Structures are given as structure tokens and as C-alpha cells.
Amino acid sequence: QVQLVESGGGLVQAGGSLRLSCTTSERTFRRAAMGWFSQAPGKEREFVAAISWSLGYPRYADSVKGRFTISRDNAKNTTYLQMNSLRPEDTAVYYCAAALGRLGVPGSRTDDYDYWGKGTQVTVSS
């Protein structure tokens, strides 16, 4: 019933850019805070960025602040993660997540979110 579909991952050289997209149903998108998490092999899933449904409140992990920008386009039912100045350490699978009914500042923990996409691979070469 609730589907989140990520796209936009790929292979890029260090210093390059990618834009990830997460498309959801309209019902889900309009009621949800949206987040992005990353997970490298053998590591725990980590918070990257999030944005609220009604008030914005963009949040970023310290490691990506100033490099990544999260946004959402209600007309397209899509959340974006613009990634600039990419580093090899950014290499991971990136997951989109939705927190239904979330108001105010979005959470930064995996258990703050109710639904997850299947991920898109980002690989940054040196």
C-alpha cells in the first residue's frame, strides 16, 4: 500500500554531484516527514538528512552539512537529495524513509520512520 521508490544513484568521481529522488504516493507524501539514510556494507544505517511535511525544518548529519541539500516537491510527490562535493566516504546504499503524521522537526533515528524504500547505490571513486 505504501511504496517509496528511490532513483538517481550511480558511480561518480570524488568532487562530483548526484541527485537522488524518492517518489511516493500522494497520500503518503502529504502526511509524512521524509528522511534519507545511508548504509555501507558491514555498517549500521546512518542518518543523512530529513525534512518535515508542513514546516520544512531541514536537518543534516554533520558529515554532509554544507554539501547535501534535501528538498521536496509536492506537485511531483517527490523528495530529493542533492549531493555535491562527494567523497569516497559517502559510498553507500541510500534509503528514503517516511514518518507518517510527523509534525515539527523530523527525527534522525531509524526507528523514527515507518516506511522505507529499497535503496539506491551511490559509489564515489577517488
Side-chain angles (χ1 to χ4, degrees):
Q1 184 177 43
V2 177
Q3 297 289 329
L4 290 75
V5 181
E6 303 101 330
S7 63
L11 175 64
V12 64
Q13 291 185 331
S17 298
L18 288 172
R19 189 182 72 163
L20 306 184
S21 299
C22 174
T23 300
T24 70
S25 68
E26 182 178 359
R27 183 186 297 270
T28 300
F29 186 84
R30 295 300 299 271
R31 296 177 178 269
M34 303 297 297
W36 287 97
F37 290 74
S38 65
Q39 187 168 25
K43 296 185 178 180
E44 296 183 351
R45 194 166 297 187
E46 297 182 346
F47 173 75
V48 176
I51 189 167
S52 71
W53 167 49
S54 61
L55 300 178
Y57 292 128
R59 297 185 63 191
Y60 301 94
D62 289 343
S63 61
V64 307
K65 191 173 184 179
R67 299 189 297 124
F68 293 7
T69 302
I70 188 170
S71 62
R72 60 196 297 169
D73 185 338
N74 185 60
K76 297 182 178 180
N77 302 324
T78 301
T79 303
Y80 302 97
L81 184 68
Q82 178 66 47
M83 304 186 294
N84 298 327
S85 302
L86 282 162
R87 306 165 180 169
E89 304 87 80
D90 297 319
T91 295
V93 176
Y94 283 74
Y95 296 90
C96 178
L100 301 185
R102 179 81 182 201
L103 301 177
V105 179
S108 61
R109 300 177 63 86
T110 57
D111 59 7
D112 291 324
Y113 293 83
D114 304 298
Y115 297 97
W116 296 82
K118 294 183 178 180
T120 185
Q121 176 71 46
V122 171
T123 302
V124 184
S125 62
S126 61

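Treat the numbers as computed from the prediction; the structure is a model and nothing was measured.
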What distance separates [X] [atom1] from [Y] [atom2], expressed to the nearest 0.5 Å?
| X | Y | atom1 | atom2 | value |
| --- | --- | --- | --- | --- |
| Ser63 | Arg87 | OG | CZ | 7.5 Å |
| Ser21 | Gln82 | OG | CD | 9.5 Å |
| Asp90 | Thr123 | CG | OG1 | 11.0 Å |
| Lys118 | Cys96 | NZ | SG | 14.0 Å |
| Ser126 | Gln13 | OG | CD | 9.0 Å |
| Tyr94 | Ser7 | OH | OG | 15.0 Å |

When hydrophobic residues are tied together by side-chain contacts of less than 4.5 Å, even through go-betweens, does Leu86 share a cluster with Leu81? yes
ILVMFWY network linking Leu18 to Phe68, side-chain heavy atoms under 4.5 angstrom: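 In one cluster with Leu18: Phe68, yes.
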Answer yes or no: is there a side-chain heavy-atom contact under 4.5 Å between [X] and [Y]?
| X | Y | value |
| --- | --- | --- |
| Trp36 | Thr79 | yes |
| Met83 | Ser17 | no |
| Ile70 | Tyr60 | yes |
| Gln3 | Ser25 | no |
| Thr120 | Val93 | no |

Minimum heavy-atom separation for [X] to [Y], with atom names?
| X | Y | answer |
| --- | --- | --- |
| Val124 | Thr91 | N-OG1, 2.9 Å |
| Ile51 | Pro106 | C-CG, 3.5 Å |
| Ala14 | Pro88 | CB-CD, 4.1 Å |
| Glu6 | Tyr95 | OE2-CA, 3.3 Å |
| Cys22 | Met34 | SG-CE, 3.9 Å |
| Leu20 | Val122 | CD2-CG2, 4.0 Å |

Using atom types as modelled and distance alone, determine if a side-chain donor or acceptor of Tyr80 lies under 3.5 Å from a backbone N or O of Asp73.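 Answer holds: no.
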With a 3.5 Å distance limit and no angle check, can you tell me whether Arg72 reaches the backbone of Ser52 through a side-chain donor-acceptor pair? yes
Sub-6.0 Å ring centroid separation between Trp116 and Phe37: yes
When you look at Val105 and Arg59, which way does the side-chain contact (heavy atoms from CB on, under 4.5 Å) test go after all the steps? CA-CA 8 Å; Val105 179; Arg59 297 185 63 191; 3.3 Å; yes
When you measure from the centre of the six-membered ring of Phe47, is the NZ or CZ of Arg109 closer than 6.0 Å and no more than 45° off the axis? no
Apply the test side-chain contact (heavy atoms from CB on, under 4.5 Å) to residues Leu4 and Thr23: give CA-CA distance (whole Å), side-chain angles for both, the deciding distance (0.1 Å), then the verdict. CA-CA 6 Å; Leu4 290 75; Thr23 300; over 6 Å; no
Arg31, CZ: over 12 other non-hydrogen atoms inside 6.0 angstrom: no
